Amino acid sequence: MLSDSFYIVLVTAIVLSHRVDTQVTFDGACPKLDVVRDFDLHRYLGLWYEIESYPAVFSSFTSCTTANYSLLPDGNVRVINRSFNTSSKGFDMVDGTARLIEPLKRQAKLGVVFPSNRFSRPVPADGNYWVLDTDYTNYSIVWSCEMFNDKSFQFLWHLNRRRQPSQSALTFVGHRIDSFGLERKFLQTTEQRNFRQPSPTRSSYYGK
């Protein structure tokens, strides 16, 4: 969750890195936040554009980031994140899967795994992709947090169905982020103005 997510994003990937200088960290435990209840996974599928996100090591040198979610035969979700690499001047792609942590509860807590991502860590018991708010047709606010050495490492993404949402839409999402008590000052805008469909595409953002 993602700026390659989705992390998000979906998305996204959600990781901890030894390069903590590129992550947003806070003293103390992760805040207790609510996620979307009665989450409709089918309505959430499809293409999302990453509009802004917290900085992360895996999103360096990226722009035009998208996350595309599609249903797999086993009921899980295929996650394809694409972005333009401003260093190599080519499009990169990472292919992963997501699953609802507790499907019967219908809470928007998912576990996302990217097998080819060298930064990947085991998915926490309560997931690493939390949808805090979405209307399915316009915006999604995705968050993740992990503890390490008494500090919380947080990831936050604003995803949108539109590549360039209106100013009023941006303001609305900003107010929703504020309502969760999250720090907007760390958000970085993802360049989407020069977006074009990626072709050809490399197999992974991260290399092997």
Side-chain angles (χ1 to χ4, degrees), residues 1-20 22-26 28-37 39 41 44-45 48 50 52-60 62 65-72 74-83 94-134 140-159 177 180 182-183 186-187 190 204-206:
M1 231 262 174
L2 173 115
S3 310
D4 303 326
S5 307
F6 6 152
Y7 51 149
I8 208 126
V9 232
L10 267 199
V11 11
T12 191
I14 303 171
V15 300
L16 289 179
S17 167
H18 294 298
R19 292 174 58 186
V20 296
T22 62
Q23 311 298 139
V24 178
T25 62
F26 298 88
C30 294
K32 296 184 182 299
L33 299 180
D34 292 326
V35 299
V36 173
R37 306 288 177 172
F39 182 61
L41 180 62
Y44 197 77
L45 300 176
W48 293 92
E50 182 186 285
E52 50 192 348
S53 67
Y54 279 179
V57 63
F58 52 78
S59 60
S60 301
T62 59
T65 303
T66 63
N68 204 330
Y69 307 125
S70 59
L71 198 64
L72 292 168
D74 62 2
N76 290 327
V77 174
R78 185 182 184 187
V79 180
I80 298 179
N81 287 350
R82 291 187 174 99
S83 71
V94 63
D95 196 333
T97 57
R99 62 177 178 84
L100 288 169
I101 296 299
E102 295 184 272
L104 295 181
K105 289 187 176 181
R106 298 191 64 189
Q107 296 181 5
K109 295 182 179 182
L110 297 94
V112 183
V113 177
F114 294 100
S116 64
N117 179 1
R118 63 188 174 89
F119 295 116
S120 286
R121 292 171 55 86
V123 174
D126 57 354
N128 58 6
Y129 183 104
W130 288 21
V131 183
L132 302 183
D133 192 22
T134 185
S140 178
I141 299 170
V142 180
W143 177 79
S144 179
C145 184
E146 284 195 54
M147 291 296 300
F148 185 73
N149 287 346
D150 297 323
K151 292 184 179 293
S152 59
F153 289 68
Q154 296 190 34
F155 301 85
L156 179 65
W157 296 270
H158 165 202
L159 308 180
I177 291 173
F180 292 102
L182 297 173
E183 292 282 359
F186 298 113
L187 287 170
T190 303
S204 171
Y205 290 128
Y206 311 103

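Since the structure is predicted, the reported quantities are computational estimates derived from the model, not experimental observations.
- In this structure, the side chain of Asn149 does not engage the main chain of Lys151 through any donor-acceptor pair within 3.5 Å.
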Exercise for review: Evaluate side chain to side chain contact (heavy atoms under 4.5 Å, CB included) for Gln107 paired with Arg37, printing each intermediate quantity in order.
Suggested key: CA-CA 5 Å; Gln107 296 181 5; Arg37 306 288 177 172; 2.5 Å; yes
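- For the pair Val36 and Trp130, the minimum side-chain heavy-atom distance is 4.5 Å or more.
- Considering all non-hydrogen atoms of both residues, Pro55 and Val24 come closest at CD-CG2, 3.6 Å.
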Exercise for review: Given side chain to side chain contact (heavy atoms under 4.5 Å, CB included), test Ile177 with Leu187 step by step and report yes or no.
Suggested key: CA-CA 11 Å; Ile177 291 173; Leu187 287 170; 3.9 Å; yes
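- Shown here for Gly75 and Leu41, the closest heavy-atom pair between the two residues is O-CD2, 4.2 Å.
- The distance from atom CG of Asp74 to atom CZ of Arg99, rounded to the nearest 0.5 Å, is 11.5 Å.
- The structure places OG of Ser144 at 8.5 Å from CG of Asp126, a figure rounded to the nearest 0.5 Å.
- Every residue two or more places apart in sequence or in another chain that forms a ring pair (Phe, Tyr, Trp, His ring centres under 6.0 Å) with Phe26 is listed here: Phe186.
- Closest approach of Gln154 to Leu182, counting heavy atoms only: OE1-CD2, 3.7 Å.
- For the pair Met147 and Cys30, the minimum side-chain heavy-atom distance is below 4.5 Å.
- Between Phe114 and Asp95 the shortest heavy-atom distance is CD2-C, 3.8 Å.
- Interatomic distance, Ile141 CD1 to Leu156 CG, rounded to the nearest 0.5 Å: 7.5 Å.
- Contact between Asn76 and Ala98 at its shortest, heavy atoms only, is CB-O, 3.4 Å.
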Exercise for review: Could you go through the side chain to side chain contact (heavy atoms under 4.5 Å, CB included) check for Val77 and Leu45 one step at a time?
Suggested key: CA-CA 8 Å; Val77 174; Leu45 300 176; 4.1 Å; yes
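- Applying side-chain contact (heavy atoms from CB on, under 4.5 Å) to Trp143 and the options Val35, Val131, Leu132 leaves one that passes, Leu132.
- In plain terms, the two heavy atoms of Cys145 and Pro31 that are nearest each other are SG-CD, 4.4 Å.
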Exercise for review: Evaluate the criterion side chain to side chain contact (heavy atoms under 4.5 Å, CB included) for residue pair Thr25 and Phe148; output intermediate values, then yes/no.
Suggested key: CA-CA 10 Å; Thr25 62; Phe148 185 73; over 6 Å; no
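- Side chains of Thr97 and Val112 form no contact here, defined as non-hydrogen atoms less than 4.5 Å apart.
- In this structure, Glu102 and Lys109 have side chains that are not in contact, with every pair of non-hydrogen atoms separated by 4.5 Å or more.
- No more than 12 heavy atoms of other residues, nucleotides or ligands sit less than 6.0 Å from atom CG of Asp150.
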Exercise for review: Would you sort out whether Tyr44 and Ser140 count as a side-chain hydrogen bond (donor to acceptor under 3.5 Å, both in side chains), showing the intermediate values?
Suggested key: CA-CA 9 Å; Tyr44 197 77; Ser140 178; 2.7 Å; yes
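- Two residues are said to be in side-chain contact when any heavy atoms from C-beta on lie closer than 4.5 Å; Tyr54 and Glu183 meet this criterion.
- Side chains of Ile80 and Val94 form no contact here, defined as non-hydrogen atoms less than 4.5 Å apart.
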